[in-house]
Amino acid sequence: MKRDYVILFVIFILTLFFRAMFVSETPYFNEDSAYYNLRHTDYISQNIQPMIYDDLSYGGRYVIDSHIFHLVLAGFRSFLPDFLVFKILPELLFALMIFIVYAIAKRLTENTTAPLLAALISGFIPVFVANTVNTISVYSIVLPLIFYQVYCLMNIDTHKGRFIVLSFLLPIIHPFTAILAISFVFYAILLSIESIKIKKAAREAVLFFVMLVLLMGFIVYKKAFIEFGLYAVLQNVPAALFSTYFQNINVFSLIYGIGIIPLILGALGIVFGIAWERSDSAFLLSGLVLADFLLLFLRLINFTTGMIFLGILLSILSAISISKAISYVKITKFARMKKYIFVSFIVLIILLLGIPSYTSTRKIMQLGVSGEEMQALEWIRDNTPEDSTVLGNIEEGNMIADIAKRKTVADNIFMFAPDRYDDVKLMLSTESLVKATQLMHKYGVGYVFVSQSTRRMYNMEDLKYVSEECFEPEFEREKAKVYKLVC
């Protein structure tokens, strides 16, 4: 047992080192959402209260957010340097998933090796690593707490107090917690279909959690439900972006994002756990998979988030398949070759998960914000009037607000925000000077920020309508330009 914990700790260190390797390469972040979280954390650190009204986003609007994540970051920031809080802490929290995955996998099987391999697999899911490295993400606390809540339900007799505390906390932190409530309902339905009696304590815990998620959700996000009704779950995403944020799930995306190893072993784990062992814990995890698949199919959750959640689930369920394989090898002539088989499996994980995770993350890092783009935003902050409005694409609106400290036309936080996506696209991609300037005057745009992201998004080298009469180049670099509107 002590040896297993040593190996588990080594896997944790390996996972953390893999993530930190990318983080240390740049002082910037990969995603625009990181700058949203950074800005709100700054505000709490300076004002000892969360930002309720944002006077920069969309030129001014109300913010719907519990700010629990920002309060946590601000708390750590009071005694730790920014690099540790914003760069290392999120990676540490994601890496801690290793221990939770191990604990749940160990609950599924009596084998000691299978949970360790499941933990290793979970640390290198390509879609998980690539989309969570080097970004300040609320999912760094949401995912560990969600899966720990699952573990608490599996051990409800001894973890009842923790389950109750998390039942109150999770719905406040983030609405993605609703997937857990749906999953618990599917869990109860699956047990009912198989005529398996659910334990009284587990039944009461499921009912308590589901009712509390509904209640807390309506309390925290009541403004959104009052204004948008059930469409609030779609986060007011513009129709033009709907297919991007809520994609259809397919075999290729599963193989590319999750990896062939957890996909196959996880699917077999569901079959073994439900059909053969009829394990209560397997039914619970299968309910989670079913809920995630349903929400992805109905396009009710963000595609990337749903894929990450599914990848971790399949990693856990793969422990069942691995355990069965180990038991089978022990009774065959291959038993004396088990060490070679184990090493071969580790090599497969490296080839089919480790390398894809590295290449996917490397690609995203290369597409991240550059030093020249950051210099352009700092130039805007230092050389433009404080009441200026800066136009950029919606995927860098939060970055403009945080670094340049100027009003934006739009960003990617759509709740309680006007739909300006089409207008932003037109202003940045049109060839018509008249159309562009008319819209710029409508939104009070004074400066235009042209970044690599904008060039890639609209497949252009520069603004197509730039003229000396209307636009003055104030800042020019290879990877970033700033234009001033003068007509």
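- Counting only heavy atoms from C-beta outward, the side chains of Leu108 and Leu285 approach each other to under 4.5 Å.
- A donor-acceptor contact closer than 3.5 angstrom is absent between the side chains of Asn131 and Thr304.
- Atom CZ of Phe208 has more than 12 heavy atoms from other residues, nucleotides or ligands within 6.0 Å.
- For Phe124 and Phe18, the ring centers sit closer than 6.0 Å to each other.
- Expressed to the nearest 0.5 Å, how far OG1 of Thr305 lies from CD1 of Ile301 amounts to 7.0 Å.
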* Please step through side chain to side chain contact (heavy atoms under 4.5 Å, CB included) for the pair Met307 and Ile258, ending with a clear verdict. => CA-CA 7 Å; Met307 288 287 285; Ile258 296 175; 4.0 Å; yes
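- Within 6.0 Å of the CZ atom in Phe83, the count of heavy atoms belonging to other residues, nucleotides or ligands exceeds 12.
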* To do: Carefully, step by step, assess Leu190 and Ser286 under the rule side chain to side chain contact (heavy atoms under 4.5 Å, CB included).
  => CA-CA 9 Å; Leu190 287 172; Ser286 298; 4.2 Å; yes
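- Distance alone, capped at 3.5 Å, places no donor-acceptor pair between the Ser451 side chain and the Glu373 backbone.
- Proximity of Val390 to Val445: side-chain heavy atoms (C-beta onward) are nowhere separated by under 4.5 Å.
- Residues Glu386 and Lys405 form no side-chain contact, since every pair of their non-hydrogen atoms from C-beta on lies 4.5 Å or further apart.
- For Phe22 and Tyr358, the ring centers sit closer than 6.0 Å to each other.
- Without hydrogens or angle criteria, Asp292 side chain to Leu288 main chain gives no donor-acceptor distance under 3.5 Å.
- Checked by atom type, the side-chain pair Glu31/Ser137 shows no donor-acceptor distance below 3.5 Å.
- Between Asp54 and Arg39, at least one side-chain N (NZ, or NE/NH1/NH2) sits under 4.0 Å from a carboxylate O, which counts as a salt bridge.
- Between Arg77 and Asp42 there is a salt bridge, since a side-chain N of the basic residue sits under 4.0 Å from a carboxylate O of the acidic one.
- Between Thr135 and Ala34, the shortest heavy-atom distance links the atoms OG1-CB, 3.6 Å.
- Listed by chain and number, the residues in a ring pair (Phe, Tyr, Trp, His ring centres under 6.0 Å) with Phe283 amount to none (sequence neighbours excluded).
- Under the 4.5 Å side-chain criterion, counting only non-hydrogen atoms from C-beta, Ile198 is in contact with Tyr187.
- Annotation for Met154 and Ser281: closest pair CE-CB, 3.8 Å, computed over non-hydrogen atoms.
- Phe176 and Tyr139 have their aromatic ring centers within a separation under 6.0 angstrom.
- Between the CZ atom of Phe309 and the OG atom of Ser183 there is a distance of 5.5 Å, given to the nearest 0.5 Å.
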* Step by step, would you call Tyr35 with Ile136 a side chain to side chain contact (heavy atoms under 4.5 Å, CB included)? -> CA-CA 8 Å; Tyr35 293 94; Ile136 309 169; over 6 Å; no
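- Atom NZ of residue Lys425 and atom CE of residue Met457 lie 10.0 Å apart, to the nearest 0.5 angstrom.
- Of the possible polar contacts, none joining the Ser318 side chain to the Leu265 backbone as a donor-acceptor pair under 3.5 Å is found.
- Annotation for Ala319 and Ala118: closest pair CB-CB, 3.9 Å, computed over non-hydrogen atoms.
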* What do the steps show when you test Leu317 against Ile320 for side chain to side chain contact (heavy atoms under 4.5 Å, CB included), and what is the final call? -> CA-CA 6 Å; Leu317 285 161; Ile320 300 176; 4.2 Å; yes
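- With respect to the salt-bridge test (charged N to carboxylate O, under 4.0 angstrom), the residues Lys199 and Asp157 qualify.
- By the 4.5 Å heavy-atom criterion applied to side chains, Ser315 and Ile125 are counted as neighbours.
- The nearest pair of heavy atoms linking Thr177 to Leu170 is OG1-O, 2.9 Å.
- More than 12 heavy-atom neighbours from other residues, nucleotides or ligands sit within 6.0 angstrom of OH on Tyr28.
- Arg362 has a carboxylate O that lies under 4.0 Å from a charged side-chain N of Glu25, or vice versa, which qualifies the two as a salt bridge.
- Aromatic ring orientation, His159 versus Tyr148: perpendicular (interplanar angle above 60°, classes split at 30° and 60°).
- The shortest distance between side-chain heavy atoms of Phe12 and Leu92 falls below 4.5 Å.
- Taken from CD1 in Ile173 to CZ in Phe69, the straight-line distance is 10.0 Å, to the nearest 0.5 Å.
- How far CG of Asp4 is from OG1 of Thr112: 5.0 Å, rounded to the nearest 0.5 Å.
- Between Asp55 and Arg61, no side-chain nitrogen of the basic residue sits less than 4.0 Å from a carboxylate oxygen of the acidic one, so the salt-bridge criterion is not met.
- Residue Val424 comes nearest to Asn393 through the heavy atom pair CG1-CA, 4.2 Å, listed as atom of the first residue, atom of the second, then distance.
- Side-chain atoms of Thr408 and Asp411, non-hydrogen and from C-beta on, do get closer than 4.5 Å to each other.
- Side chains of Arg19 and Thr132: a donor on one and an acceptor on the other come within 3.5 Å.
- Residues Thr454 and Glu396 bring a donor and an acceptor atom of their side chains to less than 3.5 Å of each other.
- Between His70 and Tyr36, the ring centre distance stays below 6.0 Å.
- Distance check: Leu426 CG to Arg420 CZ gives 14.5 Å after rounding to the nearest 0.5 Å.
- For the pair Lys87 and Phe29, the cation-pi criterion (under 6.0 Å, within 45° of the ring axis) is fulfilled.
- Contact between Ala291 and Ile182 at its shortest, heavy atoms only, is CB-CG2, 3.9 Å.
- More than 12 heavy-atom neighbours from other residues, nucleotides or ligands sit within 6.0 angstrom of CE on Met21.
- The number of heavy-atom neighbours closer than 6.0 Å to CZ of Phe99, taken from other residues, nucleotides and ligands shown, is above 12.
- Contact check for Phe128 versus Ser357: no side-chain heavy atoms found under the 4.5 Å cut-off.
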